[in-house]
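We count ligands from 1, going down the list as the structure has it; atoms in each ligand are counted the same way. Below, each value reflects all heavy atoms present in this structure, side chains not excepted, and no hydrogens, waters or symmetry copies.
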Amino acid sequence: MGNVYVLDHPLIQHKLTYIRKTETGTKEFRELVDEVAGLMAYEITRDLPLEPVEIDTPVTKTTSHVISGKKIGIVPILRAGLGMVEGVLRHVPTAKVGHVGLYRDPETLKPHEYYFKMPTDINERELIVVDPMLATGGSANDAISSLKKRGATNIKLMCLIAAPEGVEAVKELHPDVDIYLAALDEKLNEKGYIVPGLGDAGDRLYGTK
Ligand code: URA
């Protein structure tokens with residue numbers, strides 16, 4: 001519990017290089033984020049419990065295994081988290097998707113939740129909170145706190161790139177949450193961007209500025 005996993009699989013690292021590059025355009029960026037999220041889904045679901053089932057193959061009867069009724073929820077933090085949803089759903093097609101939208105009031109610095117819509121049974125689900133960038137950790141911490149307040153007890157956080165500051169902030173407030181990353185970068189700069197990072201993930205996903 002509360003561990004940080006950097007998924008250093010060559011396919012993930014290769015695709016992440018192209019995600020980072022300035023010259024990668026919106027279409028390719030979106031496709032690559034989707035692919036990396038899918039590859040990360042393999043690792044994040046590694047501990048799902050299996051149960052045996054008896055089946056007939058064309059050759060014989062045998063015992064094989066299926067995932068044993070564990071319910072999964074994917075929770076993108078709006079808006080950049082949306083770019084990671086389909087990649088996870090491709091491998092876990094029965095997962096439900098909840099959405100959370102937050103911003104910090106610039107004056108009070110208190111989180112303001114402008115959107116929160118979850119499956120009704122989040123207390124029974126393993127929730128995977130997705131957001132490409134874990135910068136200060138503020139949004140991830142606020143989203144996880146919101147989920148816990150509504151009864152969620154089993155939460156994982158999956159991001160493409162994190163700054164050490166963000167990882168420490170989440171570990172401190174939510175030590176029960178495992179964090180899965182494609183890369184742990186150097187630092188945050190004075191503008192709050194992760195260095196070397198990839199720039200603004202939402203803008204690059206959706207072609208905005
Ligand atoms: N959010 C982003 O999209 N990029 C960063 O580098 C930091 C926060």
Side-chain angles (χ1 to χ4, degrees), residues 4-8 12-40 74-88 97 99-116 128-147 155-174 177 179-209:
V4 180
Y5 301 97
V6 179
L7 307 179
D8 59 357
I12 294 178
Q13 295 308 312
H14 176 85
K15 290 174 194 293
L16 187 61
T17 299
Y18 288 89
I19 289 174
R20 289 184 187 276
K21 285 173 80 158
T22 309
E23 58 265 42
T24 300
T26 304
K27 175 176 181 288
E28 199 187 351
F29 185 91
R30 199 185 296 135
E31 288 167 357
L32 286 164
V33 169
D34 170 81
E35 286 176 34
V36 170
L39 292 167
M40 292 180 79
I74 306 166
V75 182
I77 301 179
L78 300 177
R79 84 188 144 142
L82 291 175
M84 297 174 77
V85 173
E86 292 299 322
V88 182
V97 182
H99 295 85
V100 58
L102 311 142
Y103 69 85
R104 273 192 183 240
D105 185 307
E107 272 163 27
T108 65
L109 295 183
K110 291 227 165 87
H112 179 74
E113 194 180 270
Y114 64 87
Y115 195 78
F116 187 90
I128 305 173
V129 175
V130 295
D131 197 359
M133 308 303 272
L134 179 59
T136 60
S139 309
N141 270 342
D142 295 343
I144 294 167
S145 296
S146 283
L147 291 168
I155 301 173
K156 291 177 172 175
L157 175 64
M158 175 171 140
C159 305
L160 296 187
I161 300 178
E165 295 88 331
V167 169
E168 285 314 310
V170 175
K171 280 173 72 173
E172 189 173 335
L173 194 63
H174 298 294
V177 172
I179 304 172
Y180 293 77
L181 307 171
L184 179 57
D185 276 9
E186 261 169 54
K187 59 175 184 183
L188 284 180
N189 70 13
E190 64 291 344
K191 292 185 175 151
Y193 281 97
I194 298 177
V195 180
L198 53 70
D200 187 298
D203 282 346
R204 295 198 64 190
L205 274 168
Y206 298 112
T208 50
K209 259 280 175 280

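- The protein heavy-atom contact nearest to atom 1 (N) of ligand 1 is M133 CB, 3.8 Å.
- The protein heavy-atom contact nearest to atom 4 (N) of ligand 1 is G199 O, 2.7 Å.
- Residue contacts with ligand 1 do not include P132, since none of its heavy atoms lies under 4.0 Å from the ligand.
- Side chains of R204 and I19 form no contact here, defined as non-hydrogen atoms less than 4.5 Å apart.
- With M40 as the partner, the side-chain contact (heavy atoms from CB on, under 4.5 Å) test is satisfied by one option alone out of I128, V130, L160: L160.
- Distances shorter than 4.0 angstrom occur between a heavy atom of G192 and an atom of ligand 1.
- Side-chain atoms of M84 and P76, non-hydrogen and from C-beta on, never get closer than 4.5 Å to each other.
- At the top of the distance list for atom 8 (C) of ligand 1, counting protein heavy atoms only, stands A135 CB, 3.7 Å.
- The proximity of A201 to ligand 1, defined as any non-hydrogen pair under 4.0 Å, involves the side chain as well as the backbone.
- Summarising the geometry of A182 relative to I12, their closest heavy-atom pair is CB-CG2, 3.7 Å, with the distance given to 0.1 Å.
- Among protein heavy atoms, atom 6 (O) of ligand 1 sits closest to I194 N, 2.8 Å.
- Looking at D185, its side chain never comes within 3.5 Å of a backbone N or O of A163 through a donor-acceptor pair.
- Side-chain contact check for K156 versus V129: every heavy-atom pair is 4.5 Å or farther apart.
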